[in-house]
Amino acid sequence: QVRLVESGGGLVQAGGSLRLSCAASGNIFSIKAMGWYRQAPGKQRELVATITRDYNSNYADSVKGRFTISRDNAKKTVYLQMNSLKPEDTAVYYCNAGILRYVTSTQVADYWGQGTQVTVSS
């Protein structure tokens, strides 16, 4: 059993900051890429940022310069520091991880968290 549990969402005024965390637990041999996605009401889920195991990161154009993704491999945790938040950042934010569950695993399995709500008021 593998779980991804997000925390850190909430309500913030425009221009404010939030830090999201996502911790993985369960039978895990290795975590490959981790990332954050978001889904606003009536819209498709979209990529926010991803980070590889060796810390190479990638961002959506809409968050570059405002959001920073990081990870702690020892803690099996990924973070998203969100600064200069805008009302258009309002969405449910989902954590994603590519996981090898066993040392004998040959395929990376995709796991998602349950989501955490981020609301930015104007």
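- The heavy-atom pair separating Glu6 from Gly113 by the smallest distance is OE2-CA, 3.3 Å.
- A search for salt bridge (charged side-chain N to carboxylate O under 4.0 Å, His left out) contacts involving Lys64 returns Asp61, not counting sequence neighbours.
- Applying the disulfide bond (SG atoms under 2.5 Å apart) test to every pair with at least one member in residues 3-115, sequence neighbours left out, gives these pairs: Cys22-Cys95.
- Counting all heavy atoms, side chain and backbone alike, Ser122 lies closest to Ala14 at CA-CB, 4.4 Å.
- Counting only heavy atoms from C-beta outward, the side chains of Leu80 and Thr68 never approach each other to under 4.5 Å.
- Side chains of Glu88 and Thr90: no donor on one and acceptor on the other come within 3.5 Å.
- Looking only at side-chain heavy atoms (C-beta outward), Arg71 and Thr77 stay at 4.5 Å or farther from each other.
- Counting side-chain heavy-atom gaps under 4.5 Å among Ile, Leu, Val, Met, Phe, Trp and Tyr, the cluster of Leu47 also holds Tyr37, Val92, Tyr94, Trp112.
- Note on residues 55-88: no pairs pass disulfide bond (SG atoms under 2.5 Å apart), not counting sequence neighbours.
- Judged as a side chain to side chain donor-acceptor pair (under 3.5 Å), the pairs with a partner in residues 10-24 (not counting sequence neighbours) are, in order, Ser17-Asn83.
- Applying the 4.5 Å side-chain rule to ILVMFWY residues, one finds that Tyr102 remains a lone member of its cluster.
- Checking Val108, Val2, Asn27, Asp110 one by one against Ile99, the side-chain contact (heavy atoms from CB on, under 4.5 Å) holds for a single residue, Val2.
- Looking at Asn73, its side chain does come within 3.5 Å of a backbone N or O of Arg53 through a donor-acceptor pair.
- Listed by chain and number, the residues in a side chain to side chain contact (heavy atoms under 4.5 Å, CB included) with Val118 are Leu18, Leu20, Met82, Tyr93, Val120 (sequence neighbours excluded).
- Judged as a disulfide bond (SG atoms under 2.5 Å apart), not a single pair has a partner in residues 25-91 (not counting sequence neighbours).
- If you chain together hydrophobic residues whose side chains sit under 4.5 Å apart, Ile69 and Tyr79 never meet in one group.
- Remark: the backbone N or O of Gln39 is not paired with any side-chain donor or acceptor of Arg45 at under 3.5 angstrom.
- If you take CD1 on Ile51 and CD1 on Ile31, they are separated by 12.0 Å, rounding to the nearest 0.5 Å.
- Within the structure, the ring-ring contact (aromatic ring centres under 6.0 Å, His included) test picks out no pair touching residues 47-73 (sequence neighbours left out).
- Remark: Ser25 engages Arg3 in a side chain to side chain contact (heavy atoms under 4.5 Å, CB included) (not counting sequence neighbours).
- The structure places CD of Gln117 at 9.5 Å from CG of Leu11, a figure rounded to the nearest 0.5 Å.
- By the 4.5 Å heavy-atom criterion applied to side chains, Ser62 and Lys86 are not counted as neighbours.
- For residues 36-81, no pair satisfies disulfide bond (SG atoms under 2.5 Å apart), with sequence neighbours left out.
- Screening residues 29-38 for salt bridge (Lys or Arg N to Asp or Glu O under 4.0 Å), with sequence neighbours left out, gives Arg38-Glu46, Arg38-Asp89.
- Shown here for Leu4 and Ala24, the closest heavy-atom pair between the two residues is CD2-CB, 3.3 Å.
- You'll find the side chain of Arg101 reaches within 4.5 Å of the side chain of Tyr111, heavy atoms only.
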